[in-house]
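Report on the following structure.
Source: prediction; values computed, not measured. So you know, we letter chains A, B, ... as the sequences are listed, proteins then strands, and number each from 1. When reading the values below, keep in mind they use all heavy atoms of this one structure, side chains included, and skip hydrogens, waters and symmetry mates.
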Protein chains: 2
Amino acid sequence: MEQEDLKRIQMKLPFLQDAEDKLLQEFSRLVRIQMIPAGTTVFWEGDVCHSLAVLLSGSVRVFKAGENGREITLYRFGPGGGCILTASCIMNDGNFPAIAQVEEEAEAVIIPANVLRDWVNRFYSWRQFVLGLLAQRLADVITTVEEIAFRRMDARLAEWLLANRTQESRFVQTTHHKIAEELGTAREVISRLLKDFEMEGLILLSRGEIEIHAPEKLKLKMK
Amino acid sequence: MEQEDLKRIQMKLPFLQDAEDKLLQEFSRLVRIQMIPAGTTVFWEGDVCHSLAVLLSGSVRVFKAGENGREITLYRFGPGGGCILTASCIMNDGNFPAIAQVEEEAEAVIIPANVLRDWVNRFYSWRQFVLGLLAQRLADVITTVEEIAFRRMDARLAEWLLANRTQESRFVQTTHHKIAEELGTAREVISRLLKDFEMEGLILLSRGEIEIHAPEKLKLKMK
DNA sequence: ACGGCTTGGTGACTTAGTTACATACATTAC
DNA sequence: GTAATGTATGTAACTAAGTCACCAAGCCGT
């Protein structure tokens with residue numbers, strides 16, 4: 001890896017900014033950079049993991065799939081985030097318990113499993129990075145449990161719409177199917193609830209796009 | 001801590017069996033043993049954590065509570081297990097994202113947060129222990145998500161009954177309310193499903209106790 | 001025996017998930 | 001342009017799950 005590549009990567013990965021010199025040296029020697037196109041499945045459920053991918057750009061969605069074709073998002077991560085379930089696998093030799101898929105084309109640094117393990121033992125900054133990622137993921141998934149166990153679907157849908165609108169804060173470009181996978185329910189349920197929202201004048205539906213008419217009123221639906 | 005105490009603890013905590021001598025020394029100097037009676041709430045949601053409890057006996061249940069009084073179990077742990085959400089808190093200075101409560105009276109070793117942090121940096125065996133716990137919890141919670149997002153309540157109930165019967169493998173001593181909290185649903189739902197099972201001749205209901213009549217047939221309900 | 005508490009039962013209603021289609025729009029093939 | 005195909009959405013009917021309101025039976029202490 002070139003010196004300028006390392007500089008660029010350091011900008012994007014905070015833990016490298018105050019990392020040990022030795023870690024930086026080994027980093028530029030042992031890690032390779034790779035572009036991963038949108039749609040690529042990084043890990044399948046049950047895979048044994050041989051490396052950890054840490055993102056420099058793009059985003060990855062980690063989700064569970066049920067037999068009936070339904071899905072639910074566990075969490076997603078972007079630049080600076082890593083597919084840490086892989087690390088957890090490496091630690092206790094287990095298999096990957098979910099599916100990880102690139103959503104927006106990603107640039108990632110790929111760290112082989114044995115290197116990762118070695119670094120955990122030798123470098124404080126890397127240790128903090130890995131433990132921080134694991135703890136964050138645990139918190140994310142616990143939040144997901146809370147959502148699906150206790151909150152109503154209309155409230156979750158309202159929140160999702162508001163969180164995923166564009167800058168102009170009026171439009172959401174997606175399909176009912178994708179929202180359903182996001183929230184872990186069936187497409188029909190989403191279609192029904194969206195229709196209800198439209199009846200109440202909160203939103204306006206068209207193919208592949210939802211226009212938010214009354215964001216304030218939609219906010220009230222959140223709880 | 002006495003030498004014989006340490007020996008006893010080593011028997012119960014596998015990671016101490018091939019631990020560094022120095023870790024064992026500091027362990028017996030810095031850690032205290034404590035009995036915690038059943039019903040004690042070890043951590044409340046939002047608590048800042050100052051120590052990690054690792055169990056020698058007994059069991060702890062970690063759960064989320066919703067506003068409406070409902071609960072759902074995230075995971076539980078017994079001897080050798082630790083309340084690792086606390087460790088995750090210590091790492092990134094966050095708050096405890098759930099409630100942890102002692103179910104069966106527990107004997108625990110209490111490790112102060114600063115000691116825990118120090119050990120993570122210095123001892124391989126302790127590092128493995130902490131990472132292993134975190135990874136295990138993550139896997140547990142992901143399993144919980146899968147359960148509530150995709151499986152039907154009657155299947156989950158059947159599985160729970162079979163998993164929680166006594167040695168004689170016929171009786172489960174609990175209340176409908178407790179099962180509901182376990183599975184993250186309402187008491188009425190559990191009562192209704194149990195009644196259905198009774199109608200089908202699978203179980204026999206009485207106050208505070210459920211007798212399993214036809215375990216094989218109940219097993220079929222699991223999926 | 002009385003009163004209060006815990007546990008379980010039940011009906012009516014709302015919300016969510018499933019099944020099975022029908023319809024509308026968009027893209028490509030001809 | 002029109003047909004064919006695939007994707008996206010609409011909807012009705014039904015089952016499963018969650019909520020609300022209340023009642024009844026068992027249990028415990030005085």
Side-chain angles (χ1 to χ4, degrees), chain A residues 39 64-72 144-161 171-200 203-211 221-223, chain B residues 39 64-72 144-161 171-200 203-211 221-223:
Chain A
K64 266 276 180 191
E67 342 63 72
N68 43 0
R70 270 170 58 200
E71 296 183 357
I72 183 161
T144 303
V145 171
E146 195 175 16
E147 288 274 302
I148 56 184
F150 300 133
R151 284 185 77 197
R152 286 183 35 173
M153 195 53 80
D154 54 355
R156 296 175 58 205
L157 176 57
E159 178 165 24
W160 191 91
L161 288 173
F171 295 95
V172 183
Q173 293 202 333
T174 188
T175 67
H176 300 186
H177 182 68
K178 280 187 185 147
I179 302 177
E181 291 188 334
E182 198 64 28
L183 300 180
T185 183
R187 197 266 311 161
E188 294 86 331
V189 173
I190 297 297
S191 291
R192 190 158 57 204
L193 291 173
L194 285 174
K195 211 67 197 163
D196 292 347
F197 285 168
E198 191 177 41
M199 292 300 180
E200 298 177 62
I203 61 175
L204 205 145
L205 299 175
S206 55
R207 189 186 176 86
E209 187 174 74
I210 298 161
E211 180 178 351
K221 290 274 172 184
M222 280 174 51
K223 165 73 251 156
Chain B
K64 266 277 181 191
E67 341 62 72
N68 44 0
R70 270 170 60 201
E71 297 182 358
I72 185 162
T144 303
V145 170
E146 195 175 17
E147 289 273 302
I148 55 185
F150 300 133
R151 283 185 75 197
R152 286 184 35 174
M153 196 51 82
D154 55 354
R156 295 175 59 205
L157 176 57
E159 178 165 24
W160 190 91
L161 288 173
F171 296 95
V172 183
Q173 293 202 332
T174 189
T175 67
H176 300 186
H177 182 68
K178 280 187 185 148
I179 303 178
E181 291 188 334
E182 199 63 27
L183 300 180
T185 182
R187 198 264 313 163
E188 294 89 322
V189 174
I190 296 297
S191 293
R192 190 157 57 206
L193 291 173
L194 285 174
K195 211 68 198 161
D196 292 348
F197 285 169
E198 191 178 40
M199 293 298 180
E200 298 177 62
I203 62 175
L204 204 144
L205 299 175
S206 55
R207 190 186 177 85
E209 188 174 74
I210 298 161
E211 181 178 351
K221 289 274 170 182
M222 280 173 51
K223 169 67 252 154

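- For C:dG8, the OP1/OP2 oxygens have no side-chain nitrogen or oxygen of B:R207 closer than 4.0 Å.
- For A:T175, whose side chain is taken as the heavy atoms from C-beta onward, the closest listed nucleotide among D:dT9, C:dG8, D:dG18 is D:dT9.
- Rounded to whole angstrom, the span from the CD atom of B:E209 across to the P atom of D:dG26 amounts to 15 Å.
- Taking atom CG of residue B:D196 and atom C1' of nucleotide D:dT15, one finds them 12 Å apart after rounding to whole Å.
- The side chain of A:T185 places an N or O atom within less than 4.0 Å of a non-bridging phosphate oxygen (OP1 or OP2) of C:dG17.
- Between B:V145 and A:I72, the shortest heavy-atom contact is CG1-CG2, 4.0 Å.
- In this structure, CE of B:M153 is placed 15 Å from C1' of D:dT15, rounded to the nearest angstrom.
- Across all strands shown, A:R187 has heavy atoms under 4.0 Å from base atoms, whether or not it also approaches the sugar-phosphate.
- The pair A:K195-A:E198 meets the salt-bridge criterion, with a side-chain N (NZ, NE, NH1 or NH2) lying under 4.0 Å from an Asp/Glu carboxylate O.
- Distance, A:L205 CG to D:dT11 C1': 14 Å, rounded to whole Å.
- Contact check, B:H176 against C:dG9: a side-chain N or O comes under 4.0 Å of OP1 or OP2.
- Atom pair A:D154:CG and C:dG17:C1' shows a separation of 15 Å (rounding to whole Å applied).
- A:V172 approaches A:L161 most closely through the heavy-atom pair CG2-O, 3.7 Å.
- To the nearest angstrom, P of D:dG10 lies 12 Å from CG of A:L193.
- Atom CD1 in A:I72 sits about 14 Å away from atom C1' in C:dG17, given to the nearest Å.
- Between B:R70 and the phosphate of D:dT19, there is a side-chain N or O to OP1/OP2 separation shorter than 4.0 Å.
- Atom CZ of A:R151 is separated from atom CG of B:N68 by 12.5 Å, given to the nearest 0.5 angstrom.
- In terms of position along DNA chain C, the nucleotide closest to B:H177 lies nearer the 5' end than the nucleotide closest to the other residue of the pair B:R192 and B:H177.
- Following rounding to the nearest Å, B:K195 (NZ) and D:dA24 (C1') show an atom-to-atom distance of 13 Å.
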**Request:** For side-chain contact (heavy atoms from CB on, under 4.5 Å), just list the numbers for A:L157 and A:F197, CA-CA rounded to whole Å, side-chain angles, deciding distance to a tenth of an Å, and then say yes or no.
**Result:** CA-CA 10 Å; A:L157 176 57; A:F197 285 168; 3.9 Å; yes
